[in-house]
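To start, the structure under review is shown below, and the notes come after it.
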Amino acid sequence: MNKLVIIGCDRSAGEALRSLQETGYCLPEGVIYQPLPCGGSLDVLHVLRALESGAERVLVLSCYADACRSFNGNTWAEKRTAAAQALLTEAGLGQERITYRQVSPNMSADLGAWIHTLINLEPVEAQDRA
Amino acid sequence: MIIAERKPIQEITASLVPYKNVLMVGCNTCVAVCLAGGAKEVSVLSAVLRLALRENQPELTIAERCVERQCEAEMNAELATEIGSYDAVLSTACGVGVQTLAEQFPETVVLPALNTKFMGRPEELGVWSERCAGCGNCVLDRFGGICPVTRCSKNLLNGPCGGSANGRCEVDPVNIPCAWQLIYDRLARLGQLERLTAIEPAKDWSTSRHGGPRRVIRKDVKL
Amino acid sequence: MPNTSVVIIGGGISGVAAALNLAQRGVAVDLVEREPRLGGNTLDVCCKAVNGQCQHCGGCLVAERLRAVCAEPLVTVHLSSTITNIQPAGDTFSYQLVTANVKQAKSARAVIAATGFDHIDARTKGPYGYGALSMVITGEDMERRLRAEGQSVYDCAVLRDVAFIQCVGSRDEHANRGWCSQVCCRYAVRLARLLGARSPQTNITIFKMDIQTAGRDSQAFALAQQEGIRFICGLPAVVRRSEKDSAKAALLFDDINTGQFRTNEFDLVVLATGIEPRSDALQLAETLGVERNRFGFLASQDGAALSIPGIFAAGCCQSPRSISESIVHATAAAEACYRYLQEHTQ
Amino acid sequence: MNKTVAVLGGSADAGWVVEELLALSYSVAWVGQEDLPDSPRSDGLRAYPRSRVSAVSGCVGSFRLELSAPPERAVIDAAAIIVAMGNQRLPLGADARIPAHPRVLSTQVLAERLSAPRQISGIAPAQRQHILFALDMLELSGKQAVVETLELALRTHDTWHCEVSVLYRELQVDSDLLESLTRTMREQGIVFHRLQDALPVVDDSGVHVKHADGVLDGDLLVIAPVVRPRSDSAELAGLLRIALGADGYFQQLNVRSYRPGLSNRKGIYLAGRCHLDADDAGARADAAQAAANVAILLGQDHLQPETVIAEVGSTKCIRCLTCIRTCPHAAVELAAYGQVTAAKVVELACFGCGACAANCPVRAITMKGIDVPVWLQEAALV
């Protein structure tokens with residue numbers, strides 16, 4: 001099973017995940033959710049450390065534009081995810097290990113679908129070789 | 001302050017090929033302020049390097065340290081006890097810091113992780129621009145506080161040239177304002193436009209890089 | 001203000017927002033919801049962000065408030081519960097709280113009605129074929145599916161032509177529903193943009209009377225026009241099954257440009273149904289003798305206060321409102337209630 | 001705790017805010033650049049007419065506003081600030097597409113004529129006269145303009161007993177008032193026509209406007225006002241360090257802050273038509289909302305910081321100012337820690353978003369109240 005680390009704004013991703021769990025959903029094995037108070041506090045380092053600690057993929061989630069309580073936290077999250085992707089690309093690792101999505105608290109069905117897709121993807125190395 | 005920028009990762013990884021046990025040393029002064037080589041950037045870069053080299057150099061280890069001001073031997077002294085146990089040091093300081101470490105620890109390989117760019121200031125969050133070329137003979141008094149040596153692409157002291165259009169420099173109209181337009185506007189504001197009627201004589205460049213590496217000695221401070 | 005309690009009837013977003021506000025001000029609240037879950041109609045509202053941009057529908061404002069109200073010590077939530085026999089008793093109101101056939105006599109210093117709304121049954125608009133034609137759905141149906149099954153649910157190449165029909169059940173004097181439901185233009189335009197952004201090959205037409213988009217927060221209409229969504233003035237007379245293709249619907253409408261009746265075919269027809277006060281509100285109004293306006297919404301004199309002192313209305317039982325407007329209105333209702341309590345508690 | 005609230009703006013919106021605050025027994029300092037409208041006399045109210053805010057310091061609970069009101073200066077200490085400066089309307093001639101002609105009037109001019117005695121008003125109203133009221137002429141009219149114009153049309157009809165028509169593109173009926181207003185107008189014989197994409201033509205014979213069913217000829221054309229944010233919004237926003245939206249109104253259309261009138265700074269709220277489009281009833285409700293915001297903030301004995309907030313390790317701070325430049329809520333400032341200067345998060349002003357912590361180049365800022373596990377943030381131990 002692929003290891004997936006989800007780092008997300010607790011006000012959107014966290015709420016979506018919790019309402020998903022209220023319907024009986026359990027995070028699949030190997031999937032970890034790490035809440036942040038806002039997308040603004042996402043650090044490039046969080047993403048890299050997640051990969052370093054063995055995650056196959058990282059999913060970064062923040063709010064849509066105009067829905068962030070701190071106004072530009074979503075922009076920060078998106079920029080920093082892009083920065084992490086750029087670093088990986090520069091290092092020759094490919095950026096597909098990192099996925100960025102915007103989410104809102106009432107998108108639990110979508111969140112479940114994304115998790116399902118990501119954990120069932122081929123490992124990135126295998127994709128590279130193919 | 002000194003503005004620097006990270007080298008391409010491929011260049012850094014190439015420089016690390018011969019080594020197995022590397023110490024990264026950051027600097028929490030200028031390069032930290034310009035977000036290139038402080039404690040946080042050390043962590044980010046070392047994480048990327050470990051990921052990048054996981055397959056090709058799996059035995060490579062990278063440790064992280066950060067000193068307050070790498071151009072000061074005293075502040076690097078804390079590294080002395082352990083530095084010998086590493087094959088190489090990768091420094092995220094400016095060129096001065098890198099050389100300080102190399103001088104201070106003659107047995108240790110010291111590699112730069114940054115390109116030192118210029119002396120400048122932050123214009124806004126994430127944007128830095130050059131303000132001083134360190135010519136050693138400041139002319140700012142005659143040019144309304146705007147340095148033609150640094151900010152005019154042609155270093156003209158009797159400008160502007162014909163490449164100034166709409167206040168922008170022909171070298172890069174989008175990003176570079178014409179220094180001579182800035183000088184004119186500022187002098188006009190100060191009511192000192194008549195200064196521009198004087199011909200600026202040829203500058204004495206002997207205080208600049210042309211006389212070899214420079215030193216400053218304060219006899220009153222030096223014992 | 002200890003020992004004072006307020007009963008809030010209805011645990012939709014308005015009731016929840018009012019409860020949170022009163023609790024923040026130190027007032028104990030009984031929050032009574034007839035369904036087994038809090039949230040009411042908002043539980044079916046999907047996110048309508050397009051191209052990374054929020055469309056300000058407010059659907060995302062609900063979840064954290066529901067969680068907060070459950071965690072609030074001053075709020076007692078009564079699920080699957082109703083209220084009967086509510087009546088003024090001196091300075092207070094007495095009522096019976098009925099939870100699973102267990103009756104409990106209670107009292108409150110003030111009452112906030114937050115009974116919300118019902119979607120107008122699209123079947124009452126017979127000529128549009130809702131219920132009989134499978135390709136005719138309501139905006140509510142669409143939202144519910146998008147919410148429950150995810151945003152890719154309508155993302156298919158099959159939908160070449162989609163029509164939205166506005167004012168289904170609203171601004172309809174013949175059906176004795178003369179009011180503008182206020183939310184349908186907004187949700188229809190947002191849903192249309194959402195569909196358009198997800199499948200660019202889909203042609204979207206909105207049949208409307210007047211798009212209710214005055215003001216700063218309704219740039220969606222202008223954006224929708226820029227994005228190629230077609231607005232046709234006038235509502236179709238009838239929706240039928242197409243004779244050429246039984247999977248399609250044929251809309252008969254009066255083309256304002258030619259003055260002729262025309263028929264266009266669509267793969268999906270979305271009826272933008274309006275909203276009406278819930279029957280609970282009507283009962284409550286009758287029991288308590290609270291005045292209603294000519295459309296049946298609880299009539300307020302001044303914002304939230306109703307015709308009987310100590311009774312306040314929050315949200316859609318007073319007038320149609322969007323989610324964020326309901327939250328704002330409920331906050332104001334709670335403040336009015338708080339002020340009333342201050343004046344009547346010595 | 002100081003419970004003074006500063007209300008900024010001389011608009012009607014501000015007047016309603018002041019009323020609401022006084023009703024909640026807050027002390028109010030009311031600052032307007034103009035003469036201030038009459039308001040209820042109250043011990044709790046201090047009015048500063050013809051004054052402009054020249055500096056703002058402090059944070060929620062303890063703002064300090066300096067006013068320049070020639071000849072003297074004044075200082076206000078306030079726990080919260082409500083911005084209610086209203087909007088402004090463009091003069092009729094601001095857009096060249098509207099023909100300048102005595103037959104083309106603004107609502108304001110018509111309202112003045114309507115109130116003036118007949119002989120002064122300069123027109124001889126007669127039943128055969130036909131007055132056209134145009135909404136949505138250059139852009140869709142906002143709620144304020146629609147209500148005002150429709151009410152004026154009805155009043156004109158009632159006062160002068162002349163023929164009245166209303167032209168529109170999208171007729172707004174989405175409030176109880178508008179719904180009943182349009183109904184009453186129709187019942188009284190006022191006719192509504194949908195505008196076509198054509199500008200009015202004016203000549204000596206009258207005004208001619210193309211609509212969906214033909215051309216409408218009238219004697220006068222009254223154009224609904226076009227409203228815009230006030231031109232001094234940006235200046236005040238700069239002083240208060242709060243954001244303007246791209247359209248020039250206060251605060252962007254953020255779903256979490258727009259309707260409830262929250263600004264990006266704790267303790268500063270927006271009310272009325274400086275941030276939303278509303279008719280008088282809507283603006284009045286918004287004033288109540290702003291007062292409710294203040295009541296929620298100041299209702300407790302003391303202000304509480306959020307459960308998650310940022311904290312600067314002053315010994316680690318290198319004073320790079322990145323956090324100060326990053327903070328979307330103007331909650332970080334340089335402060336003295338004993339003899340040392342370093343960045344400081346103003347606890348009460350912090351929203352806990354963590355943008356400062358994520359940007360700090362020396363990781364001197366930590367988030368209190370949330371648990372980010374060590375493996376995600378600390379360096380790998382070798």
Side-chain angles (χ1 to χ4, degrees), chain A residues 3-15 32-55 58-60 62-84 98 102-107, chain D residues 241-247 251-260 262-266 306-310 322-323 325-332 349-363 365-382:
Chain A
K3 198 171 157 195
L4 172 68
V5 173
I6 304 169
I7 308 177
C9 166
D10 208 39
R11 290 177 192 279
S12 52
E15 292 294 351
I32 297 172
Y33 166 64
Q34 176 56 49
L36 295 175
C38 166
S41 53
L42 177 79
D43 194 327
V44 174
L45 201 58
H46 293 149
V47 180
L48 297 175
R49 293 287 297 126
L51 292 175
E52 254 198 290
S53 67
V58 178
L59 172 61
V60 177
S62 73
C63 303
Y64 285 96
D66 278 3
C68 170
R69 179 171 174 265
S70 288
F71 304 96
N72 52 18
N74 59 310
T75 316
W76 284 121
E78 191 172 358
K79 273 176 176 280
R80 296 213 184 93
T81 313
I98 308 172
Q102 288 167 311
V103 69
S104 66
N106 48 355
M107 279 173 66
Chain D
R241 293 194 285 160
I242 59 175
L244 286 188
D247 55 4
Q251 194 56 279
Q252 55 186 336
L253 292 170
N254 187 299
V255 71
R256 290 175 192 269
S257 63
Y258 167 57
R259 279 280 167 198
L262 306 178
S263 79
N264 55 313
R265 286 188 77 191
K266 284 261 160 84
E306 302 227 347
T307 48
V308 176
I309 52 170
T322 307
C323 48
R325 292 178 180 140
T326 308
C327 179
H329 307 295
V332 195
C350 177
F351 280 60
C353 75
C356 54
N359 266 317
C360 178
V362 293
R363 289 195 277 148
I365 305 181
T366 47
M367 299 306 293
K368 283 202 292 190
I370 188 156
D371 205 19
V372 177
V374 173
W375 63 267
L376 267 182
Q377 45 185 350
E378 291 299 316
L381 297 171
V382 180

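Per chain, numbering begins at 1; letters A, B, ... match sequence-line order. Computed over heavy atoms, backbone and side chain alike; hydrogens, waters and symmetry mates excluded.
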Quiz item: Which of the residues D/Ala310, D/Pro328, D/Cys353, D/Gly354 is involved in the greatest number of heavy-atom pairs with chain A at under 4.5 angstrom?
Solution: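 Most heavy-atom pairs within the cutoff with chain A belong to D/Cys353.
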Quiz prompt | Contact leader toward chain A among D/Ala358, D/Ser257, D/Cys356, where contacts are heavy-atom pairs under 4.5 Å | solution =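 So the answer, after comparing D/Ala358, D/Ser257, D/Cys356, is D/Ala358.
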Exercise. Could you tell me which portion of A/Val44 (side chain, backbone, both or neither) has an atom closer than 4.5 angstrom to a non-hydrogen atom of chain D?
Key: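 For A/Val44, there is no contact with chain D at all, as no heavy atom is under 4.5 Å.
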Quiz item: Within a strict 4.5 Å, meaning less than it, do heavy atoms of the A/Glu78 and A/Leu42 side chains meet?
Solution: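 Result no, sub-4.5 Å side-chain heavy-atom pair not found.
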Quiz item: Can you check whether A/Trp76 reaches D/Thr326 side chain to side chain, under 4.5 Å on heavy atoms?
Solution: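 Yes, close enough: below the 4.5 Å cut-off.
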Quiz item: Under 4.0 Å between a Lys/Arg side-chain N and an Asp/Glu carboxylate O for A/Arg69 and D/Glu306?
Solution: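 A salt bridge is present here (some side-chain N lies under 4.0 Å from a carboxylate O).
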Quiz item: Donor-acceptor pair, D/His329 side chain versus D/Arg265 backbone, under 3.5 Å?
Solution: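 Absent.
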Quiz item: Under the 3.5 angstrom rule, does the side chain of A/Arg80 hit a backbone N or O of A/Gly40 as a donor-acceptor pair?
Solution: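 Judged by distance alone, yes, a pair lies under 3.5 Å.
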Exercise. Could you have a look at A/Cys9, A/Ala50, A/Pro35, A/Gly73 and say which one has the most heavy-atom pairs with chain D under 4.5 angstrom?
Key: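 Between A/Cys9, A/Ala50, A/Pro35, A/Gly73, the count favours A/Ala50.
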Self-check item: Residue, of A/Gly39, A/Cys68, A/Ala77, that accumulates the most heavy atom pairs under 4.5 Å with chain D
Solution: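 Ranked by heavy-atom pairs under 4.5 Å with chain D, first place is A/Cys68.
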